[in-house]
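Only one structure is covered here, and it is reproduced in the block below.
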Amino acid sequence: MNFENTFSYNVDQYTLISHVLSLGFAVMAAGLVYFLVTRGTIAPRYRLTSVLSAVVMVSAFFELFLLYQRWISAFRWDGTAFVQAGTLFSNGYRYVNWSIDVPVLLIQLLVVMGVTGRRFHRAWVAFVAGGLAMIYTGYVGQFHEVERDAPYWVWGLVSTAFFGLLLVLVARIIFGNLARLPESARGTARAVWWLVLISWLLYPGAYLMPALWDSADGVVARQITYTVADIVSKVVYGVLLGIIARQVSVAEGYGPAGDDEVAAPRGGMTDAGGVTGRRGGGGRRGPAGPGR
Ligand code: RET
């Protein structure tokens, strides 16, 4: 039994949750296009990060789409509220999805931070084993979220221990390899650390929601929390890792990596009013400067 199935919902609560769940899978579909289309601008050695982001997008899309459909079919309008309709809604689908996504997200970090050789394989094993241990102990605990008896707290704590271990490993991978990145990418790598820390903390927050806010509004808050966490930890994270990989590719002389830099200075009209490259261009304000 899940927390979600213990309440009935008013129109606002019910639709808000439908919308939030639909945002989740729509973002994953959009992310899939982005990661596939931009993969050629990353040097082949780091391109696996785009492929892995695409893998995460596909698995999350199906999981969130399924969850949305479960939500729709789990409740029916009885004239005053949305009440149980016979199908159970379950966040357990999220946990099984994480068994794909958590190891894959962590391996992406190794690819982009340039961890190699034995260190790569050791970190790989620790990430996969630690990640799965965190998820499956939490999975057992969430079956007790309605009664909130001892197993809910004990498995939650065991899971938290693995979570702490993973955070230490992530910090070591990021800060221990910062010096190997080009100067231009170090700020982004530090941002990845804060992104992981904050967005991953939202998941235990959602686990605790039945204990913190035991009501239909708590369910709304929980599904919003999950969706924000999913978008940040899968999509924004993948975009940032792609940016780092592209900067490393530029530094290593991979030509196509610089070609799609939309913020780079270009030919044509400039802010100073000068024209480089070609003449003309309508709508220019101020005196025309000499071509530079
Ligand atoms: C659980 C159980 C309660 C204790 C803790 C948990 C941590 C979960 C985390 C999940 C991260 C998921 C990600 C998914 C991305 O696709 C299992 C809720 C600490 C950190 C990053």
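All figures in this text were calculated on a predicted structure; none of them were measured in a lab. Counting convention: from 1, in listed order, for ligands and their atoms alike.
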Please write down residue, atom name and distance for the protein heavy atom closest to atom 8 (C) of ligand 1. Tyr203 CB, 3.7 Å
Just to check, does Tyr95 reach to within less than 4.0 Å of ligand 1 when the distance is taken from its heavy atoms? yes
To which protein heavy atom is atom 7 (C) of ligand 1 closest, and what is the distance rounded to 0.1 Å? Pro204 CD, 3.8 Å
May I ask you to check whether Tyr14 and Phe82 place their ring centres under 6.0 Å from each other? yes
Can you establish whether the number of heavy atoms outside Arg222 located under 6.0 Å from its atom CZ is more than 12? yes
Pick one of side chain, backbone, both or neither for how Leu105 approaches ligand 1, counting any non-hydrogen atom pair under 4.0 Å. side chain
Should the pair Trp200 and Phe163 be assigned to parallel (<30°), tilted (30 to 60°) or perpendicular (>60°) ring geometry? parallel
Should we say atom CH2 of Trp155 is surrounded by more than 12 heavy atoms from elsewhere, each under 6.0 Å from it? no
For Thr160, the ligand 1 atoms whose distance to one of its heavy atoms is below 4.0 Å: 4 (C), 19 (C)
Phe163 heavy atoms within 4.0 Å reach ligand 1 at atoms 19 (C), 20 (C)
Within 45° cone and under 6.0 Å: Arg70 NZ/CZ vs Tyr93 ring: no
Side chain, backbone, both or neither: which applies to Trp200 and ligand 1 if a contact is any heavy-atom pair less than 4.0 Å apart? both
My understanding is that we take every heavy atom of each candidate and find the minimum distance to atom 6 (C) of ligand 1. Doing that for Gly138, Ser159, Gly131, Gly156, which one comes out nearest? Ser159
At under 4.0 Å between heavy atoms, is it the side chain or the backbone of Asn97 that contacts ligand 1, or both, or neither? neither
Polar proximity ligand 1 side, Lys234 side, N/O cut 3.5 Å exclusive: yes
Tell me whether Trp124 at atom CH2 has more than 12 heavy atoms from other residues, nucleotides or ligands lying less than 6.0 Å away. no
Check each heavy atom of Gln142 against ligand 1 and say whether those closer than 4.0 Å belong to the side chain, the backbone, both or neither. neither
So for atom CZ, which belongs to Phe175, do other residues, nucleotides or ligands contribute more than 12 heavy atoms lying within a distance under 6.0 Å? yes
Restricting to non-hydrogen atoms, name the atom on Pro182 and the atom on Val248 that form the minimum distance, rounded to 0.1 Å. CD-CG2, 3.8 Å
In terms of atom number and element, which parts of ligand 1 are under 4.0 angstrom from non-hydrogen atoms of Ser233? 15 (C), 21 (C)
